[in-house]
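In what follows, a single structure is set out as structure tokens and then discussed.
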Amino acid sequence: MKVPFLSFDGMHPGLKKDILANFESFYDSNWYVLGQQVRNFEAEYASYNEVKHCVGLGNGLEALILSLEALGIGAGDEVIVPSNTYIATWLAVTYMGATIVPVEPRPDTHNLNPDLLPAALTEKTKAIMPVHLYGQVCEMDAIMAFAEKHQLKVVEDNAQSQGSRYNGKLAGSFGHSNGTSFYPGKNLGALGDAGAITTDSEEVATKIKALRNYGSHKKYYNKYLGVNSRLDELQAGVLSVKLPQLPSWNEQRIEVANNYYKLLAGVGDLQLPVIADGATSVYHQFVVQTAHRDALQEYLKSKEVGTLIHYPVPPHMQEAYASLPFKEGDFPIAERIAKQVLSLPVYPGLTLEQQEFVASCVRAFFDL
Ligand SMILES: *Cc1c(COP(=O)(O)O)cnc(C)c1O
């Protein structure tokens, strides 16, 4: 049996007819940028995410950058980010010329530890960027309370947790402006690059609508120094067809995860994902942790089970950030996570037989 790390076979085939029909009407529309497909998807996604506004953008990184920009974060400001995240979160802060202040995650959930926020706070702190990693929402009640107390802006990085909740409230609905990504492999993925911000603030939504389109509300009149980061019409049409399936796809991911919890309980030193009280996960990734990670990955590869590492190098140790005053040993939790985590296949359409095969291979490795 072969188990790829990710396959769209359980998601895409049934939607092909609708997506192609949408493409046909788009083709004939004679309107190819910021048209009806984008407007429709923005309304649908805002409703899905239980927020007042969604603004479609080119990708997730630009959703984070434009969120910071719309909230007035820039040079001289400090932004608290997780030490354990995909580099996009850090890059958004760098791009705006603000200063990165990393905070370690909880060792069990791998998400930002709110207990460490007070020590990271200075007079220059302007914002926090919680990243809902692997599908689990951060402890948003504590983070929002801290932000309110110190008048900080919150920009959620919700690229991995579309549909996940904390105490009943959806990821992407807490912060002042929140970024998400529809990169193909995300829980809701386009057929190429796409992203969006979600917010309850009309002011933020209006500003980002201008920023994504050369800083212009009105053709050839430019209010801001904007960029070109418009959600593509074609991708918006694809996302509109896929969005109604997202709840069921997330359910299927949760079902796979629940099976793994049963099949992988008590195996060697393997740590299974820990979900915080009040949080839920939509299992964008099923991330296990072991001191024997590299050998386990090699073994699974020999059995044709695909795995990935999210992420092998924490941002502070990336070559790109060599100029920042961080060194190995500064963020030991993030560094240990990078050495020990392994993501197992989890996606809609992964059969029970495949899940059992993955688990039996993992067990066999630890029995060697
Ligand atoms: C995917 C991802 C992004 C970036 O999204 P793109 O659309 O690829 O730019 C940002 N943050 C996290 C946590 C991600 O997983």
Side-chain angles (χ1 to χ4, degrees), residues 5-6 41 45 54-69 79-96 100 102-103 105 109-112 127-138 140 143 154-164 171-172 174-175 177-198 208 212 227-232 234-236 238-239 242 250 253 273 281-287 308-316 318 320-321 334 337-338 341 343 346-347:
F5 180 71
L6 176 62
F41 175 71
Y45 195 75
C54 164
V55 181
L57 301 169
N59 55 65
L61 173 59
E62 286 166 346
L64 299 174
I65 292 172
L66 297 186
S67 288
L68 292 174
E69 184 164 5
V79 179
I80 295 174
V81 298
S83 57
N84 176 46
T85 180
Y86 181 55
I87 197 168
T89 326
W90 283 45
L91 285 177
V93 179
T94 302
Y95 189 87
M96 289 313 301
I100 289 169
V103 162
T109 68
H110 299 182
N111 268 342
L112 188 85
I128 309 176
M129 297 180 79
V131 183
H132 311 309
L133 219 48
Y134 316 143
Q136 175 178 192
V137 191
C138 294
M140 289 311 292
I143 293 170
V154 173
V155 173
E156 294 169 65
D157 179 338
N158 188 29
Q160 302 190 357
S161 295
Q162 297 140 348
S164 202
F174 291 89
S177 179
N178 311 303
T180 194
S181 164
F182 305 117
Y183 181 81
K186 308 295 189 193
N187 286 32
L188 178 63
L191 303 180
D193 279 309
I197 65 98
T198 50
I208 292 180
R212 74 172 169 188
V227 296
N228 179 348
S229 181
R230 302 177 290 229
L231 173 60
D232 191 83
L234 199 47
Q235 300 302 344
V238 169
L239 289 166
K242 291 181 86 173
N250 281 344
R253 287 173 180 273
S281 178
V282 289
Y283 295 97
H284 174 60
Q285 305 296 354
F286 191 88
V287 176
L308 281 178
I309 295 167
H310 297 97
Y311 298 92
V313 181
H316 74 280
Q318 293 285 357
Y321 276 120
I337 287 172
V341 289
S343 304
V346 56
Y347 45 87

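Indexing begins at 1, ligand by ligand and atom by atom, following the structure's order.
Taking the six-membered ring for Trp, Tyr183 and Tyr86 have ring centres at least 6.0 Å apart.
Residue Leu61 holds the heavy atom nearest to atom 9 (O) of ligand 1 of all those in Leu64, Leu133, Leu61, Leu57.
Heavy-atom neighbours of Tyr95 OH from other residues, nucleotides or ligands within 6.0 Å: at or below the threshold of 12.
Here the heavy atom of the protein found nearest to atom 11 (N) of ligand 1 is Asp157 OD2, 2.7 Å. For atom 10 (C) of ligand 1, the closest non-hydrogen atom of the protein is Ala88 CB, 3.3 Å.
Side-chain polar atoms of Thr109 and Gln136 form no donor-acceptor pair below 3.5 angstrom. Under the 3.5 Å distance criterion, with hydrogens and angles disregarded, a donor-acceptor pair is assigned to the side chains of His284 and Asn187.
Only side-chain heavy atoms of Val131 come within less than 4.0 Å of ligand 1; its backbone N, CA, C and O stay farther off. Looking at Asn59 against ligand 1, both its backbone and its side chain come within 4.0 Å, counting heavy atoms.
Remark: ligand 1 and Asp193 share no N or O pair separated by less than 3.5 Å (distance only, no angle test). Residue Gln160 has at least one nitrogen or oxygen atom sitting less than 3.5 Å from a nitrogen or oxygen atom of ligand 1, judged on distance alone.
Within the structure, the closest approach of Lys186 to ligand 1 falls below 4.0 Å when heavy atoms are considered.
Residues Tyr134 and His110 form a side-chain contact, since some pair of their non-hydrogen atoms from C-beta on lies under 4.5 Å apart.
Under a 3.5 Å cut-off, the side chain of Ser83 and the backbone N or O of Pro102 do not form any donor-acceptor pair.
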